[in-house]
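Below is one structure, written out as structure tokens; comments come after it.
Keep in mind that this is a model prediction, so the values were computed, not measured. Labels below follow one simple rule: chain letters A, B, ... track the order of the sequence lines, proteins then strands, and each chain is numbered from 1.
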Number of protein chains: 2
Amino acid sequence: MKQIDNIKLKEQVREEFTAYLNHHKHRKTPERYAILDHIYSTKGHFDMDNLYNSMKQTHFRVSRATLYNTIELLLDCGLVVKHQFGANVSQYERAYGNENHDHLICLSCGEVKEYKNGNLFIPSQQKKLQRFKISYYSMYIYGICSKCLRAKNKEEKKTKSLENKISHTKKK
Amino acid sequence: MKQIDNIKLKEQVREEFTAYLNHHKHRKTPERYAILDHIYSTKGHFDMDNLYNSMKQTHFRVSRATLYNTIELLLDCGLVVKHQFGANVSQYERAYGNENHDHLICLSCGEVKEYKNGNLFIPSQQKKLQRFKISYYSMYIYGICSKCLRAKNKEEKKTKSLENKISHTKKK
DNA sequence: ATGTATGCAAACCATTTGCAATGAC
DNA sequence: GTCATTGCAAATGGTTTGCATACAT
């Protein structure tokens, strides 16, 4: 069932890409379709290194240069979205058939989690932006994740009990 | 009047920074305060090159290494916010006393505009994020700005009239 | 046949790092 | 006096670029 959905999705996406390539008079090379297909074969975020390595393992290896070229096209036609959370590498994510979601980024460990918001982007706000044609938006919420919070609390407890001991000793 | 406000703001910010430095047992060097002061002397976005060059022109020159060191501290204590819109350089922005706003980023010309939203971040949503302690958030809205939209429309009109002429000629 | 797209390797450039000298504590 | 911080210069590494070759049109 899900399998079938994904095949359908891939077809739709391929068509959209073809339309884009035609309209802009770009060539329809096998590399470009292979990359698109590969990106739409997995969910979640990826970076160029991920993509390069995982494609190398398939029968279709493409150069890094082509990867960068093609991702540029995919960004331009809106099939892929680019993120730059604090780290040095850019992260990418497929955009078609991908529900809009925010990103929770932990400032401590750097982990990025998706968070499906309700309908954050209220139509009334779109009105105010008449003079700006919105393609998409990204919401990044920075903070401390539960795991790091717990670790931090532990740490503080330790420090406090240590401080108490010291002041206790001093009093003596 | 505004002058005075800014002086007050700078004082508050300096105090907050001092508290942070004390708490983390970092040294209170003149460079660090000079950088903080400089950042809070101007509004809007800046990148490291901007900052470096504009500080070079004042009596207080600091090295790039120190700039990067200090900005790290300022990010950590929340006095500065970092943005990575599509370009290769990171953009920074002072965070204290700076109303929360979204960023409209033009995919065509790369211009970044601020957009003061209402209260986008509704308390009810915070509830759902109990397990994540929010420090701040960034909303990036990508699209085409009014200037580029107009340019694009013009272009398309031109192309169409040209196409018409050609098909007209062919018919003949 | 033409010229765009690919792959490779070199170049680029923002950021990071190593280390000697400085100065905050 | 001690050791964190500064400044300089070199290193790093993701991304871009130049160019010869391949191949979509």
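Listed nucleotides D/dG7, D/dA4, D/dT15 differ in distance to B/Ser63; the shortest reach to its side chain belongs to D/dG7. Distance from the side chain of B/Thr66 is smallest to D/dG7 among D/dG7, D/dT16, D/dT5.
Atom NE2 of A/His24 and atom P of D/dA24 are 21 Å apart (whole Å). We find that CG of A/Asn50 is positioned 11 Å from P of D/dG14, with the value rounded to whole Å. Atom NE2 of B/His26 is separated from atom C1' of D/dT6 by 15 Å (rounded to the nearest Å). Nucleotide D/dT6 holds its P atom 10 Å from the CZ atom of B/Arg27, rounded to whole Å. The distance from atom CG of B/Leu73 to atom C1' of D/dT6 is 13 Å, rounded to the nearest whole Å. Residue B/Asn69 contributes atom CG, which lies 13 Å from atom P of D/dA4 at whole-angstrom precision. Whole-Å rounding puts the A/Ile71 CD1 to D/dG14 P distance at 16 Å. Separating the OH atom of A/Tyr68 from the C1' atom of D/dG18 is a distance of 17 Å, rounded to the nearest angstrom.
Sequence order on DNA chain D of the closest nucleotides to B/Lys25 and B/Ala65 puts B/Lys25 first from the 5' end. Summary of the strand contacts: B/Glu72 and B/Glu31 both lie near DNA chain C, and taking for each the nucleotide with the nearest heavy atom, the more 5' one is attributed to B/Glu72.
For the pair A/His23/A/Cys77, no side-chain contact is recorded, criterion being any heavy-atom separation below 4.5 Å from C-beta on. Contact check for A/Phe85 versus A/His45: side-chain heavy atoms found under the 4.5 Å cut-off.
Nucleotides of DNA chain C that come within less than 4.0 Å of any heavy atom of chain A span, from the 5' end to the 3' end, C/dG3 to C/dC8.
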Stepwise, does the side chain to side chain contact (heavy atoms under 4.5 Å, CB included) test hold for B/Tyr137 with A/Tyr140?
CA-CA 6 Å; B/Tyr137 68 93; A/Tyr140 302 149; over 6 Å; no

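B/Phe60 has its ring centre no less than 6.0 Å from the ring centre of B/His38.
When all heavy atoms of B/Ala95 and B/Tyr40 are compared, the closest pair comes out as N-OH, 3.4 Å. Closest approach of B/Cys106 to B/Cys145, counting heavy atoms only: SG-N, 3.4 Å. Smallest separation of non-hydrogen atoms from B/Leu67 and B/Met48: O-CE, 3.7 Å.
Across all strands shown, B/Lys28 has heavy atoms under 4.0 Å from sugar-phosphate atoms exclusively, and none from any base.
Contact check, B/Arg61 against D/dT6: no side-chain N or O comes under 4.0 Å of OP1 or OP2. At D/dT15, one or more side-chain N or O atoms of A/Ser90 fall inside 4.0 Å of OP1 or OP2 (strictly under the cut-off).
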